[in-house]
Amino acid sequence: MSTTTINLGSIENIALGHGRCYLVGDEEIAVFRQRSGHLFAIQNRCPHRNGTLSEGVIGAGKVICPLHSHKFDLASGAGSEADECVKVYTVRELDGDIVLTV
Amino acid sequence: MNQNKTKLVVVGNGMAGARVVEEILKRASDRFEIVMFGAEPYGNYNRILLSNVLNGSQAASEIFMNPLAWYRDNGIKLHAGVRATRIDRQRKVVIGAPLEKDALAYAADAAAVPDAALIEEPYDHVIIATGSRPFVPPMEGFGGPGTFLFRTLDDCDQIANYAKTCKEAAVIGGGLLGLEAARGLLTHGVEVTVLEAAPQLMIAQLDFESGKMLRDTMEGMGIQVMCEKITTKIVYDDGRIRRLDFKDGSTLETDMVVVSAGIRPITEIAAASGLTVNKGIVCDDQMRTSDRDIFAVGECVEHRHKLYGLVDPIWDQAKTLADVITGFNPKAEYLGSRLGTKLKVMGVELASMGDTKPSLPDDEVIVYSEPSRGVYKKMIVRENQIAGAILLGETDTAGVLMQMFMTGAAVPSRRADLLFGTSSGMPVLSVFDLPDHAQICNCNGISKGEIKEAIVIGKCHSVSKVGACTKAGLGCGSCKVLVAQLIEAYAGEVDDDPTEDYYVPGVPLEKAQLVAEIKRRGLKSVSAVFRELAGDKEDPGSKVGLASLLKTLWPGEYDDERDARFVNDRVHANIQKDGTFSVVPRIYGGVTSPAELRRIAEVAEKYNVPMVKFTGGQRLDLLGVKKDDLPKMWKDLGIPSGHAYTKAFRTCKSCVGTDFCRYGVGDSIKLAQEIEHRFQGIESPHKMKLATAGCPRNCSEAYVKDLGAVAIEGGKWEIYIGGAAGGSVRKGDLLCTVATHADVLKYMGRFMQYYREHGKYLERTYGFVERIGIEPLKMILVEDSEGICARLDAEIQKAVDAYKDPWKEAELPAYPGQFNGPELAHALELAENNG
């Protein structure tokens, strides 16, 4: 499988503790910047009812969907509900920029 | 075609046929290749609601249960408009003939399309669910113009259309459906007469006395009732009905006739295929006919010499059949049903179940009769169980009675409780006696059986653990009391779960302790609270509740970390199911002006707002707004935020008050505007919806608001707190009566501050007022028994002073990306070779 590395721009575009949605091709990817400094990237849409996860409240490596509070682990993609999980992407900081691998 | 799948042919596409298929799919979603024959040219609809279609309260489109897409999505081949005529059991094929487009689907002689090719479907199993057809008592002239049956959607249509040309209509049959048809006809502006052959209405469900009372009620609604009338002839004149002739020699002039005199099972296909048929298609306890590969379900079935025409038994049959045919539970058995029913006639409350008369010498009969109000209640108790009951005019306890009747529960010694409810308001039926399939949590659809399993097998002995395991109680929360009772019933006692008392799950402190610690340590941000009080462990599920509390505790000083807010409070708009937002500008007291309306309209047009809707709080909601457009719209509107998205003071509804109303005794509009100006943006444990009413007629519903002010004679205002008219309904409690608007503002503010300080997160005022009690609240807030009133007044004033219109952030976002939608990544530089 081929991977592409994409520079999403300055890390300052995401306020501490928030998430932001990026459109990569046709894919919506949510990138989060936890207060601890960790970066995470997952698919933006909740598998339950399509909620925008980038708008969710995060902390301790988890995000809570704003629509019905389903929770997802940001590192593994595992969901709080049976049969629900989200795609996880590799993301890191490089010289003050967010670098995503898809 | 998949050769491995079992071929299942379902004959009949009514409620029973579709239901049994649903039950089968639930148990084995891809074991069967399913083919259905339906004589009607539609998907499946809810026949029970036909009377609503006739009386106009529902559109035909609303009663479809399985639209054609459902068949497609589940890979079911539906032959709509095709009648299955015979099962060739030697060749194992079902044979069907396409019907003429306007053929009457249930008629025995419905015309097939001439020369059309017959359809053959091979089978491994067949399920017959042909249902029943209306019974027409022998009379001369039925079938001519102006005569109708009441059975299908097409019937409804034709009845409604023909009624437009009529002055008078007669309904033959005074049973459940006949009365519903009569009531439906009334809405089409005809004079209706019901003709019943028996000496009373609803002979199967009522005794003589209640039948008589129901007749009075129906006549009070404008429906004439004639009993002991047997129609012998419909007399026509010039192509239209002129009159009916009765057996007793009398006559009735009428323009149209609807027959609703019971049903008969449709059994032709079973008879033509050599299956055993008596009154219905004879089935065993596993719903098998005399051929092992052929099953039947629904109104066409005769089970243990009984025929069923109601929906509950048919659902049970469908479940048993699905259990057996899928092998999910090969030993499942249907053992018959107890019957209860409710009449769905606007303006008539009626429930009936079981026997209508005592039949054994020891049967106990309890009767209450109040003819002036049309109330009649009767119960027959046999061996300490309910053998039958009738509730007419007042049916509050019908649900409990029905549950006890169906489950054979033991009745309480005070029989009156079952007819009137207990004097203490306690439930009559112990959770112990509820059947496993009884739904406890109506928000998430959780049954008693699932909760019992969580308690007994999953060892969940606290309400929150049951919630975590089953989702029961996690919707509106009103079933939590029942969940606690179930834990008591099946585990002895409810475990103390200290986390249930925590203000938020991630900080192990009750609200009072948490507030004390936050103040003592001077913690002004959510992350400071995690650091100091939660072992430096951030908990996303606790952030929003803490943010709300800190804002209340430190008005103007709070270190507002925006990531701790829920999305609505970050972007000052309410997120919708599709990810768009709604914009509700503040409209003080519900009073606007042509100029303001014009501006709202222009903004709605400029930003292509897909829906503009009046809210229940007398404001305008602009729905379907893209996040990026929010700040631009606020600027163009030039109206402050209505806070329709947050846990805070929302709005104050008002009636027209003294300015224009001829009853008004207090200026409710002015007061509402003062309230809204003062308390806009005040955050609280949950939302607060307010109203002012200019007189006790309560047009603005002030009695059922979180806070309400009601003007009474003598220039005074009553202040009500803890009212609710949402998922829970509660009339507010009277806190005090005051003389001026200023006093209304004072006491309302005082209560709000007390609620802000003591309410649990997400506890509405109705729960809060009930928890603390109105008498203690009066002592604290009116008598000042704790000496805190002056402080409460000062605190709320501080919060009022700290108010800033959040929509001002349109000028300068509070943090990067606050109002940005998805960002296009591929427009940015690729970093493939960047190392």
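The sequence lines fix the lettering, A, B, ..., with proteins before strands; numbering per chain opens at 1. Keep in mind that what you see is a predicted model, and the values were worked out from it rather than measured. Note that these values count all heavy atoms, side chains included, but never hydrogens, waters or copies made by symmetry.
For A:R20, the part sitting under 4.5 Å from any heavy atom of chain B is the side chain, from C-beta outward, and nothing else. Only the side chain of A:E81 comes within less than 4.5 Å of a heavy atom of chain B; its backbone N, CA, C and O stay farther away. Contacts of B:R570 with chain A are made by side-chain atoms alone, with heavy-atom separations under 4.5 Å and no backbone atom involved. For A:Q34, the part sitting under 4.5 Å from any heavy atom of chain B is the side chain, from C-beta outward, and nothing else. Of the atoms belonging to B:Y815, it is side-chain heavy atoms, and not backbone ones, that fall under 4.5 Å from chain A. The contact between B:E561 and chain A is made by backbone and side chain atoms together, counting heavy-atom distances below 4.5 Å. Heavy-atom distances place the backbone of A:L16, and not its side chain, under 4.5 Å from chain B. Proximity to chain A is limited to the side chain of B:S527, based on heavy atoms less than 4.5 angstrom apart. The contact between B:V544 and chain A is made entirely by side chain atoms (from C-beta outward), counting heavy-atom distances below 4.5 Å.
Heavy-atom neighbours of chain A within the stretch residues 622-630 of chain B, taken at a separation under 4.5 angstrom, comprise B:K627.
Two residues are said to be in side-chain contact when any heavy atoms from C-beta on lie closer than 4.5 Å; B:P540 and A:I58 fail this criterion. Contact check for A:Y22 versus B:P822: no side-chain heavy atoms found under the 4.5 Å cut-off. Taking the side chain as every heavy atom from C-beta outward, B:E538 and A:R35 approach each other to under 4.5 Å. Here the side chains of B:I575 and A:T52 are in contact, with some heavy-atom distance below 4.5 Å.
Going from atom CD1 of A:I14 over to atom CD of B:E823 covers 9.0 Å, rounded to the nearest 0.5 Å.
The minimum heavy-atom distance between A:G17 and B:D563, with the atom names listed, is O-CB, 3.2 Å.
Residue A:H38 qualifies as open at atom NE2: its count of foreign heavy atoms under 6.0 Å is 12 or below. Remark: B:F328 CZ is loosely packed, at most 12 non-hydrogen atoms of other residues, nucleotides or ligands lying under 6.0 Å away.
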